[in-house]
Student: 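Quick one: structure below, then a few questions.
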2 protein chains.
Amino acid sequence: MKPTEVLSQITPLSADCMQAIDELTEQKHYTKGSIIHPSGKVCKHLYFIESGLLRFFYHDRDAKDVTYQFFGENLFTSVINSYYTQTPSLYNIEAMEDSSLYVLRFADFEALLSRFPELDKVYHSVLREFLLSAEQRIISLQFYSAEERYRNLLENQPSILQRVSLGHIASYLGINQATLSRVRSKVRL
Amino acid sequence: MKPTEVLSQITPLSADCMQAIDELTEQKHYTKGSIIHPSGKVCKHLYFIESGLLRFFYHDRDAKDVTYQFFGENLFTSVINSYYTQTPSLYNIEAMEDSSLYVLRFADFEALLSRFPELDKVYHSVLREFLLSAEQRIISLQFYSAEERYRNLLENQPSILQRVSLGHIASYLGINQATLSRVRSKVRL
DNA sequence: CGCACTTTTTGACTTTTGTCAAAAACATTC
DNA sequence: GAATGTTTTTGACAAAAGTCAAAAAGTGCG
């Protein structure tokens, strides 16, 4: 799907507005493994994932590669905290699969916002989705054990487990790969 | 401060708009220990904290009292996920100190939004703050040890440590009270 | 198929955090 | 200031998760 299609499912948008979005949005293709946004740079783009899978990750104090979040098709994403605070992004964004994205400069998006107030609603809606998923994440990290977190993932986003290596999932869940492997063999029984 | 004062620091608001907010907003006082919103009910209000300290908590599977979040003066808050999804709130909101709040019904807020589009900006801004703080929280839970989380809290929100008992802080950090007590005596050295 | 490479699992051990209960410290009230 | 209740610390032990390294399994390719 194209971003305007998804957006207009949230609120109906005028033809003008959709056209303006289309004009400012650029479709880009990334091959598996390529870096879409490098850490250390302020993130100035909004991304919409048409197909593929993205991973936010960074290198912790021991230079270990830690996954912060995955984003799959039909989602909007960006390193929002980097943009909002105009500070360098902690995260790299990497394509885990060949991915087709629509890219929009944040500055252009803001111009669109003031030109088409109807966009405020979809903006709210996107922020809200971010917020709800962040809250879910906090609850899972604060209250659940490694095993429970794995089970939750298995229930709620089983497709990710198919598409991503265990090491990435382990760091995403905040646990050690060996531990995750053990949890998993236990869960299988 | 009053909510309109804080809001107009974000974006200047028209006198009309401020007056409309004032009219729909009700000031309420809660004594220490009282429940502002009970879990199990959909949360239909926005709260602005003029003074005092609030705590979101809930009872986990073993009926243990677990703190999800603290909110201090000059902040807006609400059980947003409950409102957004129209599902019962997981959390109770409790006044940890005698607190003075301004309360606004969500439905009224939404009416204000459509009447005064200028409010979209402040709404974005509030959502954004929520989001940034949620992200901080995730990072802290995902990547830091119990001791580091305590040190972070000590650096970033030392006042909370003065105002709240250790048990609440422990559950907020996702660790056991005894563990926190030990960490603390170690940090003091 | 066989080789090189990557990912996952397993074993032995360590560290971190949790549990439960009692003691100590602190507060409050009469 | 003794008595009561609450919160914090501590001790002894248990469980969960991490570490490191090697073995096993899986993948891709000439």
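Within every chain, numbering begins at 1; the chains are lettered A, B, ... in the order of the sequence lines, protein sequences first and strands thereafter.
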Student: Tell me whether the side-chain N/O atoms of Arg184(A) come closer than 4.0 Å to OP1 or OP2 in dT9(C).
Tutor: yes
Student: Please give, in whole Å, the distance from dT16(C) P to Arg149(B) CZ?
Tutor: 14 Å
Student: Classify the ring geometry of Phe56(B) against Tyr91(B): parallel below 30°, tilted from 30° to 60°, perpendicular beyond 60°.
Tutor: tilted
Student: Grab the two heavy atoms, one from His45(A) and one from Ser78(A), that are nearest each other, plus how far apart they are.
Tutor: O-OG, 2.9 Å
Student: Using only heavy-atom distances, decide whether a donor-acceptor pair under 3.5 angstrom links the side-chain of Arg182(A) to the base of dT19(D).
Tutor: yes
Student: Please give, in whole Å, the distance from dG18(C) P to Glu148(A) CD?
Tutor: 14 Å
Student: I need the NZ-P distance between Lys186(B) and dT9(D), as an integer number of Å.
Tutor: 15 Å
Student: Quick one, which residues of residues 159-169 of chain A touch DNA chain D with a heavy atom under 4.0 Å?
Tutor: none
Student: Sort me out a list of protein N/O and nucleotides 14-16 of chain D N/O pairs below 3.5 Å, or just none if empty.
Tutor:
none

Student: Expressed as a whole number of angstroms, how long is the span from Leu180(B):CG to dT7(D):C1'?
Tutor: 13 Å
Student: Could you state the atom-to-atom distance from CG of Leu173(A) to C1' of dA17(D) in whole Å?
Tutor: 13 Å
Student: Under the salt bridge (Lys or Arg N to Asp or Glu O under 4.0 Å) definition, can you give me all pairs with a residue in residues 156-176 of chain B, not counting sequence neighbours?
Tutor: Glu73(B)-Arg163(B), Glu97(B)-Arg163(B)
Student: Checking contacts here: which listed nucleotide (dC20(C), dG18(C), dG18(D)) is nearest the side-chain heavy atoms of Asn176(A)?
Tutor: dG18(D)
Student: Nearest whole Å is fine: how far is dT6(C) P from Lys32(A) NZ?
Tutor: 13 Å
Student: Using links of under 4.5 Å between side-chain heavy atoms of ILVMFWY residues, direct or through other members, which residues join Val42(B) in one cluster?
Tutor: none
Student: State which of dG18(C), dA17(D), dT10(C) makes the closest approach to the side chain of Ile175(B).
Tutor: dG18(C)
Student: For the residue pair Gly167(A) and Gln177(A), what are the closest heavy atoms and their distance?
Tutor: CA-OE1, 3.5 Å
Student: For the helix from dC1(C)-dG30(D) to dC30(C)-dG1(D), what angle separates the axis at the start from the axis at the finish, each from five pairs, in steps of 10°?
Tutor: 40°
Student: Looking at Tyr68(B), is Arg137(B) sitting on its ring face, NZ or CZ under 6.0 Å from the six-membered ring centre and within 45 degrees of the normal?
Tutor: yes
Student: State, to 0.1 Å, how close Asn156(B) and Pro158(B) come at their nearest heavy-atom pair, and which atoms those are.
Tutor: C-CD, 3.4 Å
Student: Counting only N and O atoms by type, is there a donor-acceptor contact under 3.5 Å from the side chain of Arg55(A) to the main-chain atoms of Glu94(A)?
Tutor: no
Student: Without decimals, in angstroms, what is the distance between Gln177(A) CD and dA21(D) P?
Tutor: 15 Å
Student: Roughly how many Å is it from CG in Asp65(A) to C1' in dT7(C), rounded to a whole number?
Tutor: 14 Å
Student: If you look at every heavy atom in Tyr83(A) and Lys44(A), which pair is closest and at what distance?
Tutor: CD1-CA, 4.2 Å
Student: I want to check one thing: is the phosphate of dT8(D), taken as OP1 and OP2, less than 4.0 Å away from some side-chain N or O of Ser181(B)?
Tutor: no
Student: Which heavy atom of Asp65(B) sits nearest a heavy atom of Ser171(B), and at what distance?
Tutor: O-OG, 4.0 Å
Student: Is the gap between the ring centers of Phe130(A) and Phe76(A) under 6.0 Å?
Tutor: no
Student: Name all pairs fulfilling the salt bridge (Lys or Arg N to Asp or Glu O under 4.0 Å) condition that reach into residues 10-26 of chain A, sequence neighbours left out, sorted by first residue then second.
Tutor: Lys2(A)-Asp22(A)
